[in-house]
Structures are given as C-alpha cells and as structure tokens.
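Residue numbers start from 1 in every chain, and the chains themselves are labelled A, B, ... in the order their sequence lines are given, proteins ahead of strands.
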Amino acid sequence: MIEAGKPAAKLKSEALQVLLERGLVHQCTDLEALDAKLAAGPVTAYAGFDATAASLHVGHLMPLMTMRWLQKLGHKPIIVLGGGTSQVGDPSFRNEARPLLEQQQIAANIAGIRRSIERLLDLEGEDGAQLVDNAEWLTEFRFLEFLRDYGAHFTVNRMMTFDSVKSRLDAQMPLTVLEFCYMMLQAVDFLELARRHDCSLQVGGSDQWGNIINGVELGRKGEGRQLFGLTVPLITTASGAKMGKTAAGAVWLHPEHLSPFAFWQFWRNTADADVPKFLRLFTELPMNEVIRLSELQGAELNEAKKILATQVTTIVHGAEAARHALEQGDALFAGQADNLEPTHRLPLVRLAEGLGLLELLVDVGFATSNGDARRLVEGGGVRLNSKVVDDPRRRISSGDIGAKDALTLAAGKRRKALVRFE
RNA sequence: GGAGGAGUGCCCGAGUGGCUAAAGGGGGCGGACUGUAAAUCCGCUGGCUAAGCCUACGUUGGUUCGAAUCCAACCUCCUCCA
C-alpha cells in the first residue's frame, strides 16, 4: 500500500506527513484529496470501537495514536463506542459468527473501554475529543424506514465482493443477514457523524477497510458528500506473530485487566528488532530522538526499551504510573525490594489459612492453573525471595515475609512480583 | 438431488482395538548462554484436594473385558456428478 516510515515530501498537510513518517498509514481512499483537506483546516475524524471485551488492548493503540496525532495537530477526534453495532457483531475476516453479546455485557464493556479513551484523548473544552455511542441513532431506526433510506444505496453484488466477507462465503460457512448488514450499519454511522458533526474521515484497522469504504460510498451516493477512509497497518512482531499476545493473554489497556507494572514490562521486553518500529508507532518522541534511540547497539538498546516502555505507559496510564512502574522494575530486577510499593496485595489471613506456593503463583498471574504452576516450579523457574524453590508442595509461611509483610516472587527471568500481605 | 473423502490437543499434523494424555513440527513457558534481546542447545507443554483420580480425538448412542481407532444416526466441511 503506502510506504510507511518515509517522509512524504509532496504532502502539504502536517497531519499526513506525521502519520506517514510514524508508520500509521496503511491505506487511504484518496490520499491527495485528504491531504488537501487536512492542510486547509481542521477536520473532524472518527474511529469506532465495538464492545467485544471489557478493555481495549495494544492492538487498538494504533488507531488511537492516530487520533492523538490528529488532535495534537489541530483536528477534532470523535470516538464511537459501538453500543449499537456490538449487538450485531462484525463478521470481517472471521469464519464464524461472534457470540451475541447481552445488553448488560455491552454496557459493562463500554464502561471499561471509555476509561482508556478518556486517558488517551483530551476530552476537555470546545475542541476536545467527543465520545458518542452509536446506539444513540442505530436503535432509533424503524426497519422499513431504514431499508428505504439506506438499503437502496447498497447492492448485494457489491457487498459480496469485499475481502472481509469473501473467505466466509468461499468456505461456504454461513454468513447470516444479521452479520452481513454490519457493514451497512457502520456505513450509516459514518454518514450520521458527517451530518451531526461534519465528520469526514474514518480511521480504523486494516480489517475495517471494507466497512469504511461502504461508508465513504454511502456518503457519496446518499448525499454527495466526500468522505475519507484511512486504515492503520496490522502490526506483527519481528518473529512474525500478531503483536500483543502473551502467555497470560492479551495486553490490556485497562489497569484492572493488566497492571501498569505488567504493561510497562511488556514493552520493556520488546525484541531488539522491534524497537525502532515501536518507538515510531507507540511513542510521541520527536523523530530525531526516535532515530537516535533506534541506532543504539547491543546492550545499549536496553535504554531505548526502557524509554519506550515509560513513554507508552505514560500515554496509557499516566506519568505517575509510568514512573512508578519504572522504579518498581528497576528495584525488583536489582533485587532491592525495600521501600518499594508492592505489585500485588493479598489479605494477611491467606497466610493463616495456609497458602501454597502453587496457589500464590496462580494468584499473582504467573501461572494459569495449578498444574501450570507445578511445572514452572519443577522446571526450576521459580524464585521465592531470590532463592530457587523447586518443591511444588512448598507452603508460604510467616517466615517468608519480611519486616514489611512482603515477599518477592519471580517466574523466570522477566516476571517479578512483590507481594504484600495486609 | 447422487457418489466419495474428511473432522484429533493453542495451531499444523500422525495414529485404524489395549503399550495413547495421544508421534512429529510450530507456537508458548522454563533452564543454560546473554543484555529482562536474538540465535543455539536442553526440558516442559489437559485439569484436580496429584505416586491417585477426572476430562479429552465433530455430536449422540452402540459393540467390546477394553474404542481416537469398529458399528449406527446426526452435524459440519471438501471433491466429483446432476
């Protein structure tokens, strides 16, 4: 598509120059025209998130970073929470229908997502980013009215040509009308935002291309509006895996699903080869600084990784949490746990009730099950207060906790915890 | 509508009556080496109140002392024919 990371000299708008140089652009419906529009004045742009989980994860950071840049450069972001579309389920590139979500679940998920958005974008004031829920208009439609107003602008022929549904059709897996109409709903969202807020740009993941195109086309056919679509690339790590999955699961943005400390550690553990790319995509350091850090060699790259981790954590969890995570990490890895805030807290009664080492490993999240913890211990990967413990029957006793009622626990070389009983 | 083939653990993929919690590979985790990196080598990789027990080879039944393996029905996918 569009070469990422290369400054585009012929572009007039600062916004596109920055996005391109950061590597945040994958495809655009009309790069030149969008460039002209962005150069001419403030543009309102939106990105939507369905309520499929109680928290966003690092994959969502790409469109969110794009929105941050746009806001920073004088444009206006709108974030659409998919309270309406989540009731349908996006079939894009999936071979099976998503399980339908209950209203209650959707509401809970939206609350969790909202929290991260509020951190990532500035919602204050006249020019602040706006948060809207598409249930607001989608639930108002009456069926016949909807079909007459919008159905005429979509042809099934065209809808079936999108890659996002083709694999499902090719595999002869059922694609229900419910799911098939998802792209219509997203298209209507775009038009609705154009009407209500003069929004003319939609940003999304590369899997959203088909849905975005539908909106752009609806805008043109429906009322002659020129709308734009921009997708961000799908990020894979140097080893080829989809980014953001760890043994413990997704890398969540919500602090209750993944602690800022663990979040910071995720970035700290970036492979060497990914450091330049991640600095560009996930931090807002000036490019000359990004380049300087990217050129560091060997062990020196560790400094760049720390900066990367602290920068991203600052954006997602705030400066205070980031500084804290950095300090916790430094102290834990240096083996100086004194005067340190715990990474985990457990009630003191747990000790009296009798707490096994395996149970503790599961509680802290270093193992997914008792058996998993057992294997970890038997493999010699567990340290309790810096001493290897390979007996899976080991119990935690008051003798293990120091003056501060805390103990340190490590699983392997990179996962460390300071657990306080209180 | 007819004929044939296939459905195995996170993924790919062997396995045609007991020795199969299921070969091999990938991925993941741990150990050694390092720099909380990569590469390499080694180990582990269903659950539990753990020398025992439970769950598992598309689903449900059946045959058998014993089934991922045999039989029946059903579901799904693939190929060929109409």
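In this structure, Asp372(A) places its CG atom 13 Å from P of C10(B), rounding to the nearest Å. Whole-Å rounding puts the Leu355(A) CG to U49(B) C1' distance at 15 Å. Taking atom CG of Asp391(A) as the reference point, atom P of A51(B) lies 13 Å away to the nearest angstrom. Put simply, CG on Asp390(A) is 13 Å from P on A32(B), counting in whole angstrom units. Atoms NZ (Lys416(A)) and P (G30(B)) sit 12 Å apart, rounded to a whole Å. Computed from coordinates, the Glu378(A) CD to A51(B) P distance equals 12 Å when rounded to whole Å.
Ion pair Lys305(A)/Asp272(A) flagged as a salt bridge, since at least one NZ, NE, NH1 or NH2 atom sits closer than 4.0 Å to an Asp/Glu carboxylate oxygen. One finds no salt bridge joining Glu295(A) and Arg292(A) here, because no Lys/Arg side-chain nitrogen approaches an Asp/Glu carboxylate oxygen to under 4.0 Å.
With both ends at atom C1', the span from G7(B) to A68(B) equals 12 Å, rounded to whole Å. Here, G46(B) and U8(B) have their C1' atoms 14 Å apart, quoted to the whole Å. Only the P atoms considered, U45(B) is 10 Å distant from A23(B), to the nearest whole Å. Remark: the separation of the C1' atoms in U36(B) and G31(B) is 15 Å, to the nearest Å. Taking atom P in both U20(B) and G35(B), the straight-line distance is 44 Å, to the nearest Å. Distance noted for atom P between C41(B) and G26(B): 10 Å (whole Å). For G13(B) and G18(B), the C1' atoms lie 24 Å apart once the distance is rounded to whole Å.
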Letter per nucleotide, 5' to 3', of nucleotides 33-38 of chain B [B base touched, S only sugar-phosphate touched, - untouched; heavy atoms, 4.0 Å]: BBBBB-
Under 3.5 Å, sequence neighbours excluded: what are the donor-acceptor pairs made by side chains of residues 354-365 of chain A?
unit_1, atom_1, unit_2, atom_2, d
Glu359(A), OE2, Arg350(A), NH2, 3.2
Asp363(A), OD2, Arg350(A), NH1, 3.1
Asp363(A), OD2, Arg350(A), NH2, 2.5

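Side chain of Thr231(A) to backbone of Gln27(A): a donor-acceptor contact under 3.5 angstrom is found.
Judged by distance alone, the side chains of Gln186(A) and Gln202(A) do bring a donor and an acceptor atom under 3.5 Å apart. When only modelled atom types and interatomic distance are considered, Asp35(A) and Gln17(A) share no side-chain donor-acceptor pair under 3.5 Å. Under the 3.5 Å distance criterion, with hydrogens and angles disregarded, no donor-acceptor pair is assigned to the side chains of Tyr182(A) and Asn214(A).
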